[in-house]
Number of protein chains: 2
Amino acid sequence: MTTTDAAAPRFADHPLASASTCSSDEPASGVIRDVLSRVGDKWSLLVVGLLDDRSLRFTELQRKVDGISHRMLTQTLRNLERDGLVSRTAYPEIPPRVEYAATDLGRSLAAPVLGLVGWAAANHEAITAARDTYDDAAPGA
Amino acid sequence: MTTTDAAAPRFADHPLASASTCSSDEPASGVIRDVLSRVGDKWSLLVVGLLDDRSLRFTELQRKVDGISHRMLTQTLRNLERDGLVSRTAYPEIPPRVEYAATDLGRSLAAPVLGLVGWAAANHEAITAARDTYDDAAPGA
DNA sequence: CGGAATCCATGCTGATACTG
DNA sequence: CAGTATCAGCATGGATTCCG
């Protein structure tokens, strides 16, 4: 089910390391760390996902995510904008109106993320079961 | 909770939310948060990736990841084992030998992650360029 | 060698207040 | 409405130390 995407040859295979010019001191680790640093936070993925659907205003965004605070939304938005994943359009009006929209780059992120989300959804029960088994085996943890 | 309800038919589509019994207080956000909590940390993905390639011992793992500390490796391994993504095999010998291997579930994670990593690798330069542009436009930041 | 517990430093996150 | 700045609290990550 879901898009299993590629055939998944290896994980930290050489091609990945070669394709990455992360210039870190690690082979593929840098790439993973890179993507994690980018969308591994609590809200980035949510915001990009919401914006992928349609453009939204600051308040709209805050209303939809809800759990996010004013500060975090601003911070997340700025970071996303900086990475070119989200575009910010400010209208010099009164009251001020700012609309955020996902860029082409931001939309391209949706595909791979969807794959990961699909995996999580598909294997959620399996993980829960594993946790239950583990918890049962080590109750005094 | 009169949730603002779903507003992301594409990204956090209903089927995803339905498939997840994460029992959070968010609709599809929970799924993303869930997967983020699972592999969104600094090392889980790296460890699973390394193990996806082949089984490794504790020391081997620490040597390959390198940047990870003793404590973090143990913690990450335990967490991964708890989720059923990694299997732990301890040999009651002297000196003790413990081998870690990715489970079928752990290997299935490689596919979607690879997609995300591929995205990061492919759009890395685009993001860097965007950052440069942003940084250039906001020097007084 | 592998693991666990402790302690510490840092970062991230959230709440609040103030400005335009 | 949108954004920024400051403060305080919690969580994450790291180093060390002791045990099997």
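In the text below, chain A, chain B and the rest are named by the order of the sequence lines, each starting its count at 1. What you are looking at is a predicted structure, and each value in this text was computed from that prediction instead of being measured.
Between Val65(B) and Thr76(B) there is no side-chain heavy-atom pair separated by less than 4.5 Å.
Applying the salt bridge (charged side-chain N to carboxylate O under 4.0 Å, His left out) rule to Arg82(A) yields no partners; only residues at least two apart in sequence or on another chain are considered. Under the salt bridge (charged side-chain N to carboxylate O under 4.0 Å, His left out) criterion, Arg63(B) pairs with no residue, sequence neighbours left out. The ring-ring contact (aromatic ring centres under 6.0 Å, His included) test applied to Tyr100(A) returns no partner, not counting sequence neighbours. Shown here are the salt bridge (charged side-chain N to carboxylate O under 4.0 Å, His left out) partners of Arg97(B), two or more places apart in sequence or in another chain: Glu93(B).
The CG atom of Leu77(B) sits 7 Å away from the P atom of dG3(C) (whole-angstrom rounding). Whole-Å rounding puts the Leu56(B) CG to dC1(C) C1' distance at 15 Å.
Distance check: Arg33(B) CZ to Leu45(A) CG gives 11.0 Å after rounding to the nearest 0.5 Å. Atom OH of Tyr134(A) sits about 15.0 Å away from atom CD1 of Ile127(A), to the nearest 0.5 Å. Once rounded to the nearest 0.5 Å, the distance linking CG of Asn79(B) with OG of Ser37(B) reads 10.0 Å.
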(message) Using a 4.0 Å heavy-atom cut-off to protein, can you give one letter per nucleotide of nucleotides 11-20 of chain C, 5' to 3': B if the base is in contact, S if only the sugar-phosphate is, - if neither?
(response) --BBB----B

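If you walk DNA chain D from 5' to 3' and mark each nucleotide with an atom closer than 4.0 Å to a heavy atom of chain B, the marks span dG13(D) to dG20(D).
Residue Thr74(A) is classed as a base contact, given a heavy-atom separation below 4.0 Å to a base. Using a 4.0 Å heavy-atom distance criterion, Tyr91(B) is classed as making no nucleic acid contact.
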